[in-house]
Amino acid sequence: MSSQNTSINVTHFIIGGFDTLSRPIAVGVVILITYLLAVLANMANIMFIIADKRLHKPMYLLICNLAVVDIMYTSSCSPTMIGVLLAGVNTISYMACLIQMCVFHLGTAMESFVLAVMALDRFIAIIYPFQYHSYLTNTRVLVLTFIVWFVNCFFMCYMPATAVPLPHCSSRLRYTFCDFAAVIRTTCVNPEKHFNDAAIIAFFILFFTFVFICLSYCGILLFVKLSSNNEKKKMGSTLVSHLICAIVHYCPAFVRIIFTRFGVVLTLEERQGLLIGAVLGPCLVNPFVYFLRTKEIKQKLFKIFKKNTASKNRI
């Protein structure tokens, strides 16, 4: 049957990924609380860094950029899922769906690239501590950040350029929000070719950044072996924060890849659960990791609490 005979004019999509969920309210409340905590924590990180001129350094600019990416990433899909689960709003306009798809995948790619740039920052800080501030100036970090955003936006142009011209045979999304797979499955064409093309881009982004991070850590480990025990502890403490963030980001992605590679069949609910965890997990963990493990930010937070406590005692 030709696509011309079966295609329909889609102005809105119906989100059907939660239709079989037994406790939508409970899941919605969990997503809402996680989303609010993630946004507030990341905004606090950004405000601390902007407000304190002593934190206007390359590492903190990268932390600030990671917080911006986390807010964008989780905000690309969380409000839609919350609306479906708690308010029963299970429709989204065609244009809003395309925007959500682009922003979501941009966030996915940016998360990987930002972690790779932060690994480079730690590599230079540990291997070349005396030349660090001459190698990585604020200006160079901002330029590098702009390049990363530009490259990823260029990659993401593939998705709307592919999806928009295709005729649609359905307006019902099988998934919990608009991502590339969900939109392509509503079209009248065989999705395999488009999935393969998207998989090549995703493979390049995921594995290129992961290999880059691994090589950075290998170089650091080789250098650490030649250092004293005291220096090893200092280096280890500077790497733990980044390592936790990298594990939380890459683990869900690799779990999905391994399951697919070994033919493990996941239900739609299990697949969606992994995807939602892959979005909310890093965006919630990242700001708290840098809150608790970055000395300057932690000291700034404690000073604020001390001031509030002192003012209350005076009253």
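For this chain, numbers begin at 1 and follow the sequence in order.
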Rounded at 0.5 Å granularity, tell me how far [atom1] in [X] sits from [atom2] in [Y].
| X | Y | atom1 | atom2 | result |
| --- | --- | --- | --- | --- |
| L66 | I71 | CG | CD1 | 10.0 Å |
| F180 | Y175 | CZ | OH | 11.5 Å |
| L62 | L142 | CG | CG | 9.0 Å |
| I213 | M118 | CD1 | CE | 10.0 Å |
| C283 | M72 | SG | CE | 9.0 Å |
| T162 | H194 | OG1 | NE2 | 6.5 Å |

My understanding is that only residues two or more places apart in sequence, or in another chain, count here; which of them pass side chain to side chain donor-acceptor pair (under 3.5 Å) with [X]?
| X | answer |
| --- | --- |
| N42 | none |
| T20 | E269 |
| Y94 | none |
| T80 | Q100 |

Among residues at least two apart in sequence or on other chains, which ones pass ring-ring contact (aromatic ring centres under 6.0 Å, His included) with [X]?
| X | answer |
| --- | --- |
| Y135 | Y128 |
| H242 | Y217 |
| F210 | Y250, F254 |
| F104 | Y73, F177 |

### Task
Could you give me the CA-CA distance, side-chain angles and deciding distance for V10 and T186, then say whether side-chain contact (heavy atoms from CB on, under 4.5 Å) is met?
CA-CA 10 Å; V10 175; T186 66; over 6 Å; no
Would you find a donor on one side and an acceptor on the other, under 3.5 Å apart, between the side chain of [X] and the backbone of [Y]?
| X | Y | result |
| --- | --- | --- |
| N286 | P282 | yes |
| N45 | I63 | no |
| H56 | I50 | yes |
| T74 | D70 | no |
| T209 | L206 | yes |

Can you name the closest pair of heavy atoms from [X] and [Y] and give their distance?
| X | Y | value |
| --- | --- | --- |
| Y132 | P58 | OH-CB, 3.6 Å |
| A181 | F195 | CA-CE2, 3.7 Å |
| D179 | A182 | OD1-N, 2.9 Å |
| G281 | V248 | C-CG1, 3.8 Å |
| M101 | A163 | CE-CB, 4.4 Å |
| S170 | F13 | O-CE2, 4.3 Å |

### Message
Which residues pass the side chain to side chain contact (heavy atoms under 4.5 Å, CB included) test with M156, not counting sequence neighbours?
### Response
H105, L106, A109, M159, I205
### Task
Quick one: list whatever passes side chain to side chain contact (heavy atoms under 4.5 Å, CB included) with L86, sequence neighbours left out.
I25, V29, L32, I82
Is [Y] reachable from [X] through a run of hydrophobic residues whose side-chain heavy atoms are each under 4.5 Å from the next?
| X | Y | result |
| --- | --- | --- |
| L40 | F288 | no |
| M95 | L173 | yes |
| L115 | L215 | no |
| V103 | V164 | yes |
| I99 | V89 | no |

### Query
Would you say the side chains of S112 and H249 form a donor-acceptor pair under 3.5 Å?
yes
Would you mind reporting whether [Y] and [X] have side-chain heavy atoms less than 4.5 Å apart?
| X | Y | result |
| --- | --- | --- |
| I220 | L239 | yes |
| F18 | M81 | yes |
| T187 | P167 | no |
| I46 | V68 | yes |
| W149 | F113 | no |
| Y290 | C245 | yes |
| N65 | V117 | no |

### Message
Show every salt bridge (charged side-chain N to carboxylate O under 4.0 Å, His left out) that has at least one partner inside residues 112-141, sequence neighbours left out.
### Response
none
### Task
Tell me, please, which residues at least two apart from C178 pass disulfide bond (SG atoms under 2.5 Å apart).
C97
